[in-house]
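Quick notes on the structure that follows.
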Number of protein chains: 2
Amino acid sequence: MAKEKARDLRTGIALLWGEQDRPTRGPKPSLTPRRIADAAVDLADAEGLAAVSMSKVAAAFDLSAMALYRYVPGKTELVELMVESVLAQVPDLSAVEGGWRPRLTHWARLSQQVHRAHPWLLAATALRRQAMGPHQLGWLDAAFAALEPTGLPAAQQHRIFVLIAGLVRTVAQEQVDFDQQHDQEWNRLTGELITRHAARFPHLTHAIAHGAFTPDTADPLDFPLARVLDGVQALIDRTDRDGRTDGNERRGGEEPS
Amino acid sequence: MAKEKARDLRTGIALLWGEQDRPTRGPKPSLTPRRIADAAVDLADAEGLAAVSMSKVAAAFDLSAMALYRYVPGKTELVELMVESVLAQVPDLSAVEGGWRPRLTHWARLSQQVHRAHPWLLAATALRRQAMGPHQLGWLDAAFAALEPTGLPAAQQHRIFVLIAGLVRTVAQEQVDFDQQHDQEWNRLTGELITRHAARFPHLTHAIAHGAFTPDTADPLDFPLARVLDGVQALIDRTDRDGRTDGNERRGGEEPS
DNA sequence: ACGCATCTGCTGACGCGATAAACAGTTTAG
DNA sequence: CTAAACTGTTTATCGCGTCAGCAGATGCGT
């Protein structure tokens, strides 16, 4: 899981951007990286990322596991291809009216939908700065397009993008993990624990008594996204008013390190 | 990785809360779950979570892998113990002056520090609603303590907690993944890609030209945390002014589903 | 003081994962 | 037509979590 090979990035990129020349000799290839990735996506959608093993993917084509290595350097690159495949619908936000806020909101919702449709995406993009394909860069471009009208410095636009992308991930995480059965069990057992040790967790107890953990039918993205965008709006207002601030003012934390 | 056993939660909780009776017969146990967890933490700190295998942990005591199963039901529970061990310093925010905002900020910073000291924590708490030990609940209690003075409804306090905890995770993710070597390589290769396909990613190109990806010496938690807390402040202001709003007003997204 | 139930820790085995190596069979360029 | 280039297979290695069964230590009830 932590074996980097240094050449992975380069080979991954080559694969993602289709920069390989399939030669003309020998038998016709029966597969393509794309077809393999799509089969892997189907498998992951149905049984989770953990079920995606070289042999199970190969089995979808009635081939042996090793056959895949003719098309894909290794599993790392296969997962990168899966991500790219799933992001094929690059958002076009130019039709969204109302400026940066509705556009960013729409971007976030589209991203959330992809995560909902492919719960494994979260785990697949979790670690490392991986090789990015054209579709992934397309999503990034769309986000910057939405942020441009804020008039904020590019560095801050980037930070806001990271913030919102992270938010979508967080919310997706909650939704992915959700499991009626398991969740009820968890609520029951943990609730019982807290009640038993109420004196040790007074504020938690108080909050629960006032409905903090009451289930909620609203889309879980609504509330946090509204908060974050309010925060961005506040930054824009302050920047417009003050002429120039770097956005890292003293509000919200003092200690130097 | 995806094998749930239904009894895991219950046994995990029993272990975390020390609700087992070690009997009196037989040889003296040479270990305790706690000592095992601490050894595993040291291993993970040094070589990453992937390096934490039953045999490697056991090797730290010159024992065989199977010996650990006398103390710990399985690896799942071991990881839960590791998390609990690392959260032993439950924050006490009562000394922090200035109301909810500095307190929440402090909570976030402490959490960030733990994540920095134990990069594997992120992966260890990534999945599922796991069994929570007293320390973990302590952190939760501290957060609600900080949120109480906002006067917001408990359900919103909970949502804000989730938002901020997620934010810390996101930032921690960035920091954990960071690797000078690999990052420079990534910047070089990906930058080159974007330049080559500039026409396809106009806004991204524009943002980069204006310094969007320029490295930054500020603590990466500063900016996003300030934005989120500004957003919370806006919610408080609005609630105070309007008397009553449910916090899911129309700002920031309209479509019903 | 003794014996056995109760422990601890060990070895061996299983199944499953990624992937390296060597090989058999196929296709096409020269 | 032949050899290079290519596809797919079998076999093997290594590491993982964990189950089963065994050897030896310990201390309770007698």
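No hydrogens, no waters, no symmetry mates; every other heavy atom, side chains included, goes into these values. Model, not experiment: these values are computed from the prediction. Throughout, a chain's letter reflects where its sequence line sits, starting with A, and its residues are numbered from 1.
When heavy atoms are screened at a 4.0 angstrom cut-off, B/Val57 is found touching no nucleic acid atom at all.
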Under 3.5 Å, N/O pairs linking protein and nucleotides 25-28 of chain C:
none

Would you list the protein and nucleotides 10-12 of chain C atom pairs, both N or O, that sit under 3.5 Å from each other?
{"residue": "C/dC10", "atom": "OP2", "partner": "B/Ser64", "partner atom": "N", "Å": "2.7"}
{"residue": "C/dC10", "atom": "OP2", "partner": "B/Ser64", "partner atom": "OG", "Å": "2.8"}

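Taking the six-membered ring where the residue is Trp, the centroids of B/Phe161 and B/Trp139 are separated by 6.0 Å or more.
Distance check: B/Leu122 CG to B/Leu49 CG gives 10.5 Å after rounding to the nearest 0.5 Å. The CG atom of A/Leu167 sits 8.0 Å away from the OG1 atom of B/Thr170 when rounded to the nearest 0.5 Å. The CG atom of A/Leu87 lies 8.5 Å from the NE2 atom of A/His118; values are rounded to the nearest 0.5 Å.
A salt bridge is absent between B/Arg200 and A/Asp141: the closest approach of a Lys/Arg side-chain nitrogen to an acidic carboxylate oxygen does not fall below 4.0 angstrom.
Nearest heavy atoms, B/Leu78 versus B/Ala40: CD1-CB, 4.2 Å.
Applying the 4.0 Å criterion to OP1 and OP2 of D/dG15, one finds that B/Ser53 has every side-chain N and O outside that range. The shortest distance between the side-chain N/O atoms of A/Ser30 and the OP1/OP2 oxygens of D/dG8 is below 4.0 Å. Between D/dG15 and B/Ser55, no contact under 4.0 Å exists linking OP1 or OP2 to a side-chain N or O. Taking 4.0 angstrom as the limit, B/Lys56 places none of its side-chain polar atoms (N or O) nearer than this to OP1 or OP2 of D/dG15.
What separates CE of A/Met54 from C1' of D/dT9 is a distance of 15 Å, to the nearest Å. Rounded to whole angstrom, the span from the CZ atom of B/Phe61 across to the P atom of C/dT8 amounts to 15 Å. Atom-to-atom, CD1 of A/Ile36 to P of C/dA18 comes out at 14 Å; the value is rounded to the nearest Å. Whole-Å rounding puts the A/Lys75 NZ to C/dC16 P distance at 15 Å. Between A/Tyr69 atom OH and C/dA20 atom P there is a gap of 7 Å when expressed in whole angstrom units.
Counting only distance, with no hydrogens or angles, the side chain of A/Trp120 and the backbone of A/Val52 share no donor-acceptor pair below 3.5 Å.
Between A/Phe213 and B/Phe144, the two ring planes are tilted [angle within 30° to 60°].
The closest side-chain heavy-atom distance from A/Arg35 to A/Phe61 is below 4.5 Å.
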